[in-house]
Amino acid sequence: MRDGSGLVGWGEAARLEVSGPDRFAQADKWWREFCAHLDVDDELGVPGSGPVAFISMAFADSPGDSVLIVPEVVVGRRNGQQWITTIGAGDTDPEIAPLSRPSTVRYANGQLPVTQYREAVREAVARMRGGELDKVVLAHDLVAVTDKRLDQRFVLQGLARRYPECWAYAVDGLVGATPELLLRRTGAVVDSRVLAGTTWPHDGVSDEELASALMASEKNLEEHDYAITSLAETLRPFCTTMSVEGPSVLRLPNVSHLSSDVIGTLESSVSLLHLGSAVHPTAAVGGTPRLDATTLIGQLEGMDRGRYAGPVGWIDGNGDGELGIALRCAQISGSTARLFAGCGLVADSDPDIEVQEAHAKMRPMREALEGL
């Protein structure tokens with residue numbers, strides 16, 4: 001959901017779990033075959049009507065499990081149109097439990113605590129200054145434990161209310177609100193919103209001053225340029241035309257980002273999942289060069305990101321859909337939530353400042369858990 005538009009589903013008509021380097025291809029093949037056996041009655045014929053699968057892909061080839069879920073019922077709303085799609089005998093009027101919120105939230109170190117994250121950043125900066133690579137994105141995690149089983153609807157409600165310009169999502173326990181659109185395919189048009197380069201409110205500096213400093217920052221502009229270049233170069237072979245608009249400043253309650261939009265016209269009818277396989281991971285969540293960066297992430301983080309920073313969203317029977325990047329999120333299981341935050345690093349990065357940035361990026365999920 002974004003600004004009141006999007007898709008909500010419940011029930012499971014079908015489910016696929018995949019892993020490994022060919023997870024996108026396996027998912028795409030399975031989805032095509034699943035749709036081919038459906039008898040579809042779709043009066044609207046718009047993106048998101050008809051059969052829909054919700055997607056959450058692992059960040060890395062290994063470890064990490066990816067999942068596609070086909071809901072029994074999907075409710076959609078976009079551009080003044082609203083619809084309900086059912087597969088089989090889906091219950092369109094389920095019994096809905098009251099919203100539940102936790103009374104207490106306690107935090108504990110995750111697999112990569114802040115102190116170790118700072119050292120990982122320091123080592124990555126040394127590697128980049130030594131010429132091994134240009135950019136890498138490192139993340140760390142934090143565990144939240146509540147006094148009762150977490151209600152994902154309560155978390156989503158808070159995220160959607162405070163961050164309407166972001167894409168709020170919940171797929172198989174991964175819950176968040178991402179400001180970054182990896183890919184959206186609508187017929188022959190594909191577009192992306194790329195974010196890289198960040199600042200956050202501090203020291204009484206006005207929003208205008210923060211934005212001006214961000215636009216003038218060589219470090220942040222360099223980081224942003226790597227992200228745009230990686231997305232455009234991997235997407236361009238599929239397009240007849242492509243344009244890049246930006247950067248500009250995207251202002252959110254917790255941080256501000258350098259933001260650019262990439263828009264292309266597809267040369268052929270290639271599916272969203274096929275495109276996702278080509279562009280993931282971009283330099284916005286991996287680094288440059290891609291292989292060197294993902295190798296270094298595995299060495300320095302020493303944790304399983306799971307589906308954090310992987311593509312998350314939906315695809316319909318025509319191959320249209322939206323994939324955001326799973327940021328500002330937590331993996332929820334029972335009364336436990338594992339929160340993630342990461343920062344793009346270049347040779348000029350300062351470990352202490354990157355720790356502060358990661359803290360600012362965890363704020364949306366912490367506020368949602370605490371009901372702020």
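All residue numbers refer to positions in the sequence shown, counting from 1.
Ring geometry for Y117 versus H140: interplanar angle of 30 to 60°, hence tilted. Taking the six-membered ring for Trp and thresholds of 30 and 60 degrees, Y308 and F340 have nearly parallel ring planes, at less than 30 degrees apart.
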> Can you list the steps and then say if W314 with L272 is a side-chain contact (heavy atoms from CB on, under 4.5 Å)?
Replying inline: CA-CA 9 Å; W314 59 273; L272 180 69; over 6 Å; no

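Every residue meeting the side-chain hydrogen bond (donor to acceptor under 3.5 Å, both in side chains) condition with R153, not counting sequence neighbours, appears here in chain and number order: D151. Applying the side chain to side chain contact (heavy atoms under 4.5 Å, CB included) test to S217 and every residue at least two apart in sequence or in another chain returns K219, N220. Qualifying side-chain hydrogen bond (donor to acceptor under 3.5 Å, both in side chains) partners for D225, counting only residues two or more places apart in sequence or in other chains: none. Checked against salt bridge (charged side-chain N to carboxylate O under 4.0 Å, His left out), E12 has the following partners two or more places apart in sequence or in another chain: R15.
A side-chain donor from one of T265 and T241 sits under 3.5 Å from a side-chain acceptor of the other. Of the N and O atoms on the side chains of S56 and R307, at least one donor lies less than 3.5 Å from an acceptor on the other residue. Using modelled atom types and a 3.5 Å distance limit, the side chains of E209 and S206 yield a donor-acceptor pair. For the residue pair T186 and D320, no side-chain donor N or O sits within less than 3.5 Å of a side-chain acceptor on the partner.
Salt-bridge annotation for D141 and R338: present, with a side-chain N of the basic residue lying under 4.0 Å from a carboxylate O of the acidic one.
The two residues A53 and L68 have their closest heavy-atom pair at CB-CD2, 4.4 Å.
Hydrophobic clustering, defined by side-chain heavy atoms of Ile, Leu, Val, Met, Phe, Trp and Tyr closer than 4.5 Å, groups W167 together with L181. Through direct or indirect side-chain contacts shorter than 4.5 Å among Ile, Leu, Val, Met, Phe, Trp and Tyr, I96 is connected to no other residue.
Atom CD of E43 is surrounded by 12 or fewer heavy atoms from other residues, nucleotides or ligands within 6.0 Å. More than 12 heavy atoms of other residues, nucleotides or ligands shown are found within 6.0 angstrom of NZ on K148.
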